[in-house]
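In listed order, ligands and their atoms are each counted from 1.
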Amino acid sequence: MKQRKWFWPVLAALVLTAVAALAAEMNMGAPNLVIPAGNKGDVSFPHGTHQTVLEDCNTCHSLFPQEPGSIVSLKAAGTLRKMQVMKVCQGCHKEMTQAGKKTGPVSCNDCHQ
Ligand code: HEC
Ligand code: HEC
Ligand code: HEC
């Protein structure tokens, strides 16, 4: 079958418009968050920086939904263990530090204030 010349450019433009619309609709959440950690002290978390650097939301959100306060609620409900999210944060920072890459803190008091 003979394709018309305009078919692929038009399709590409439609797909790009749809992707842009989706991105605009996506709720990114606050660029800077504070994660409570009981007596250990709050953790300041640059959410926006991580979204830019990591791209995949599920690196973190496979553990808890994209809602404010979800970590605290799930910990209270016993669905998340204490320090379960922290292990993901610290684990990634450790691996990247060992690989000599720019990353976040690995020692307790650099996160807990
Ligand atoms: C490195 C970990 C990480 C990544 C990656 C990440 N988030 Fe989050 N996100 C969090 C944490 C931590 C919270 C705070 C949860 C809480 O308050 O208990 C959060 C909260 C949120 C919230 C709740 C609103 C708010 O402002 O508190 C939204 C919406 C959200 N994230 C969207 C996203 C989207 C969309 C992506 C991907 C583009 C993403 N997140 C990637 C860790 C991450
Ligand atoms: C990369 C940042 C980061 C580092 C480094 C870190 N933590 Fe955490 N920690 C967190 C976050 C975020 C939470 C809250 C989420 C959770 O419980 O998984 C937390 C939670 C905790 C909790 C549970 C508090 C509660 O009552 O629920 C304890 C205890 C704790 N951390 C101790 C430590 C100790 C000890 C170290 C050093 C060996 C450490 N943390 C290093 C980010 C970090
Ligand atoms: C999969 C890897 C990965 C995970 C998971 C991750 N981080 Fe990071 N983090 C990074 C990288 C990469 C940077 C450096 C970003 C940059 O400035 O380029 C960073 C930077 C940081 C910084 C320092 C920002 C600054 O301005 O110096 C903090 C604080 C931090 N992360 C906290 C956390 C906490 C808390 C969590 C868990 C909720 C977390 N990170 C999860 C990769 C990760």
Enquirer: I'd like the contact residues of ligand 1, where contact means a heavy atom below 4.0 Å.
Expert: Asn27, Met28, Gly29, Ala30, Leu33, Ile35, Phe45, His47, His50, Gln51, Leu54, Asp56, Cys57, Cys60, His61, Phe64, Gln66, Glu67, Pro68, Gly69, Ser70, Ile71

Enquirer: Indicate, with yes or no, if Val53 and Met28 share a hydrophobic cluster defined by side-chain heavy-atom contacts under 4.5 Å among Ile, Leu, Val, Met, Phe, Trp and Tyr.
Expert: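 Result: no, two separate clusters.
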
Enquirer: Between atom 8 (Fe) of ligand 2 and Met83, is there an N, O or S atom separated by less than 2.8 Å?
Expert: no

Enquirer: Has the side chain of Thr52 got a donor or acceptor atom that lies under 3.5 Å from a matching backbone atom of Gly48?
Expert: yes

Enquirer: Taking 4.0 angstrom as the limit and counting only heavy atoms of Ser44, give me the atoms of ligand 3 inside it, by number and element.
Expert: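 In order of numbering, the contacting atoms are 29 (C).
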
Enquirer: State, to 0.1 Å, how close Asn32 and Pro46 come at their nearest heavy-atom pair, and which atoms those are.
Expert: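 Closest approach of Asn32 to Pro46: OD1-CA, 3.6 Å.
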
Enquirer: Backbone, side chain, both or neither: what part of Lys101 comes under 4.0 angstrom of ligand 3, heavy atoms only?
Expert: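 For Lys101, no heavy atom sits under 4.0 Å from ligand 3.
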
Enquirer: List every atom of ligand 2 that sits less than 4.0 Å from any heavy atom of Val106, numbering the atoms from 1 in the order shown and giving each element.
Expert: 5 (C)

Enquirer: Under 4.0 Å from a heavy atom of Met96: give me the atoms of ligand 3 that qualify, with their elements.
Expert: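 Atoms satisfying the 4.0 Å criterion: 12 (C).
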
Enquirer: Ignoring hydrogens, what is the shortest heavy-atom contact between Thr59 and Leu54? Give both atom names and the distance.
Expert: CG2-CD1, 4.4 Å

Enquirer: Which heavy atom in Thr97 sits nearest to a heavy atom in Thr103, and how many Å separate them?
Expert: OG1-CG2, 3.2 Å

Enquirer: Return a yes/no value for Gln84: is any of its N or O atoms, backbone included, closer than 3.5 angstrom to an N or O of ligand 2?
Expert: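 Min N/O separation from ligand 2 is below 3.5 Å for Gln84.
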
Enquirer: Measure the CG-OG distance between Leu33 and Ser44 for me, rounded to the nearest 0.5 Å.
Expert: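 Atom-to-atom, Leu33:CG and Ser44:OG are 10.0 Å apart.
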
Enquirer: So if I count the atoms of ligand 2 from 1 in the order they appear, which ones are less than 4.0 Å from some heavy atom of His93?
Expert: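 Every atom of ligand 2 under 4.0 Å from some heavy atom of His93: 1 (C).
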
Enquirer: Between the main-chain N or O of Phe64 and the side-chain N or O of Ser70, is there a donor-acceptor pair closer than 3.5 Å?
Expert: no

Enquirer: Keeping the roles fixed (side chain from His47, backbone from Ala30), state whether a donor-acceptor pair exists under 3.5 Å.
Expert: yes

Enquirer: For residues Val34 and Val43, determine if any side-chain heavy atom of one lies less than 4.5 Å from a side-chain heavy atom of the other.
Expert: no

Enquirer: Which atoms from ligand 2 have a heavy atom of Pro105 less than 4.0 Å away?
Expert: 1 (C), 5 (C)

Enquirer: Enumerate the atoms of ligand 2 whose separation from the nearest heavy atom of Lys40 is less than 4.0 angstrom.
Expert: 28 (C), 29 (C), 30 (C), 31 (N), 32 (C), 33 (C), 34 (C), 35 (C)

Enquirer: Looking only at atom types and distance, does a side-chain atom of Gln113 sit under 3.5 Å from a main-chain N or O of Gly41, one as donor and one as acceptor?
Expert: no

Enquirer: Under the 3.5 angstrom rule, does the side chain of His93 hit a backbone N or O of Pro105 as a donor-acceptor pair?
Expert: yes

Enquirer: Give yes if a backbone or side-chain nitrogen or oxygen of His112 is under 3.5 Å from a nitrogen or oxygen of ligand 2, and no if not.
Expert: yes

